[in-house]
A.B. asks: 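Okay, here's the structure, questions in a sec.
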Amino acid sequence: MSTSTQHQFRYTQTPSKVLHLRNLPWECTDDELVELCRPFGKIVNTKCNVGANRNQAFVEFADLNQAISMVSYYASSSEPAQVRGKTVYIQYSNRHEIVNNKSPGDVPGNVLLVTIEGVEAGDVSIDVIHLVFSAFGFVHKIATFEKTAGFQALIQYTDADTAAAARNALDGRSIPRYLLPEHVGACHLRISYSAHRDLNIKFQSNRSRDYTNPMLPVNHTAIDGALQPVVGPDGKKIEPESNVLLASIENMQYAVTVDVLHTVFSAFGTVQKIAIFEKNGQTQALIQYPDVTTAATAKEALEGHCIYDGGYCKLHLTYSRHTDLNVKAFSDKSRDYTVPQVPAVPWQNPQAGPMYPGPAPALQGQVPGGQMLSWDPAQQAATPSYVSAPGTYPSHTYAAPPTPAYPTAAASSPIAQSNPLVHNASSMGITQPGIPLNVNLQPGGASPSVPASSPLMQASPIAGASPPAHQPYFS
DNA sequence: AGCACA
């Protein structure tokens, strides 16, 4: 045990223009440090909330003599240095300058750098950004761009105080989903300060806006080409028609697979791509047709109907803003039927060669997984789907998969709905208890329910963010 | 109440 260091603090400190302050209140701010130290000289840098308890700080004077004067003053003063009534202990730091650990993004300014995590450019319109950030003051300009960090926006306010208010309220929060495209999941805002003071906006476009200069030329191609949500006078989103449908699946008591969806939606035309995803704990799917007309037909026919009888897996259909899905050609959540591709099916012998002996697109309902082999309802009902289907798998016999994902999916899928034989599927002995056997897609079946109330009724763009009361877009 | 890597 050594005693040689016992006096290091009190007696070995050599003067430094950097002072070390301790016993500060943990919430001490830079402003309070400046207030305390400024009488003794010019402060060129501060660092507060240091240490595990965030109750230490450093203050750097421009000149060594200023630091000395402060230490000397409080060494002989009857009144200790105080912050918020707490006695602050001051000594020379053992370093001679504050290493500016402040990342540039922490230096306050009137321009915010907003990184919108979890989205791609185009998912969040500049109007939505404007709406959200206008809650804290007049937004002068917005510029958006894509960097490796993701989709980012520069938001220019009048002053740093307004910018700080927006940052404090919105950093780490999420843009509410009703302002975002359907497929977007969690979307967090990461907000720091930009070093910019004044953005140079050349055009009003889908990527940039200057709200201080309405005369600025409009980049029509940029705006017209954008898939911006169109907002009507009542604030409700107008939903342009699209060849891609968004299906929200309510009351999903039973798993809905890509194959099931393909079967359901193929009844109206060629399904090009499907993507299934979760949003807010609800399963949704995007279904891509070659054209708007087909999508419109499917939407009209299927809206409000249930994939399975008994109100299960009720479809609510809207038009997606997408026109061409970018999905994995074959996964459990997505399918691209435009890509002829042999999927890697666990129980498929990799040496077995192509699954499809004939021209691939011949059979509707045929899917790479091979779970639905035919549109013949009778055959569907009579033959377990994963057993070799003569004529389709001419020379290859498949063993039963180790775990048939949805043994009755084929039999219970809508392709069989027109044939009462499907009810016999349960006799195949592979039916899981509770798996639905029939479907309810007939026109005049269960009537579509009224869509849920509009999310636009909500008051604030960011729940809990407590922006100022005025919300013109939501009145 | 005691020296800053995030």
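Every chain is numbered from 1 and lettered A, B, ... according to where its sequence line falls, protein lines coming before strand lines.
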A.B. asks: Any luck finding a side-chain donor-acceptor pair between A:N55 and A:R22 under 3.5 Å?
C.D. replies: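 Per modelled atom types, A:N55 and A:R22 side chains form no pair under 3.5 Å.
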
A.B. asks: Quick one: is A:R95 getting a side-chain N or O under 4.0 Å of the B:dA4 phosphate, OP1 or OP2?
C.D. replies: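 Yes.
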
A.B. asks: For A:L33 and B:dA4, what is the distance between atoms CG and P respectively, to the nearest whole Å?
C.D. replies: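 Atom-to-atom, A:L33 to B:dA4, this comes out as 17 Å.
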
A.B. asks: Name every residue in residues 36-64 of chain A that has at least one heavy atom under 4.0 Å from any atom of DNA chain B, in order of residue number, or write none if there are no such residues.
C.D. replies: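 DNA chain B contact set from residues 36-64 of chain A: A:K47, A:V50, A:Q56, A:F58.
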
A.B. asks: Which of parallel (below 30°), tilted (30 to 60°) and perpendicular (above 60°) describes A:Y73 and A:F40?
C.D. replies: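 Ring orientation, 0 to 90° scale: tilted.
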
A.B. asks: For A:Q156 and A:D198: C-alpha separation, side-chain torsions, deciding distance, then whether side chain to side chain contact (heavy atoms under 4.5 Å, CB included) applies.
C.D. replies: CA-CA 7 Å; A:Q156 179 175 338; A:D198 188 25; 2.9 Å; yes

A.B. asks: To the nearest Å, give me how far apart NE2 (A:H20) and C1' (B:dC3) are.
C.D. replies: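 Value for this atom pair: 4 Å.
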
A.B. asks: Of A:V99 and A:N23, whose nearest nucleotide on DNA chain B comes first from the 5' end?
C.D. replies: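 Looking at DNA chain B, the more 5' nearest nucleotide goes with A:N23.
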
A.B. asks: Please identify each residue that fulfils side chain to side chain donor-acceptor pair (under 3.5 Å) with A:Q66, with sequence neighbours left out.
C.D. replies: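 Result, side chain to side chain donor-acceptor pair (under 3.5 Å) vs A:Q66: none returned.
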
A.B. asks: What is the separation between atom CD1 on A:I90 and atom C1' on B:dC3, rounded to the nearest whole Å?
C.D. replies: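 Rounding to the nearest Å, CD1 of A:I90 and C1' of B:dC3 are 15 Å apart.
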
A.B. asks: Is the A:Y254 ring parallel, tilted or perpendicular to the A:Y308 ring (thresholds 30°, 60°)?
C.D. replies: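 The arrangement is perpendicular - the two ring planes meet at more than 60°.
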
A.B. asks: By nearest atom, which of the nucleotides B:dC3, B:dA1, B:dA6 is closest to the A:N94 side chain?
C.D. replies: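 Nearest listed nucleotide: B:dC3.
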
A.B. asks: Establish, from distance only, whether the side-chain atoms of A:S320 and A:H322 form a donor-acceptor pair under 3.5 Å.
C.D. replies: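 There is no such pair between these side chains.
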
A.B. asks: Roughly how many Å is it from CG in A:L19 to P in B:dG2, rounded to a whole number?
C.D. replies: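 After rounding, the gap between these two atoms is 17 Å.
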
A.B. asks: From NZ of A:K17 over to P of B:dC3, roughly how many Å is that when rounded to an integer?
C.D. replies: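 In whole Å, B:dC3 P lies 20 Å from A:K17 NZ.
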
A.B. asks: Rounded to whole angstrom units, what separation is found between the CG atom of A:L21 and the P atom of B:dG2?
C.D. replies: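 Whole-Å distance recorded here is 13 Å.
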
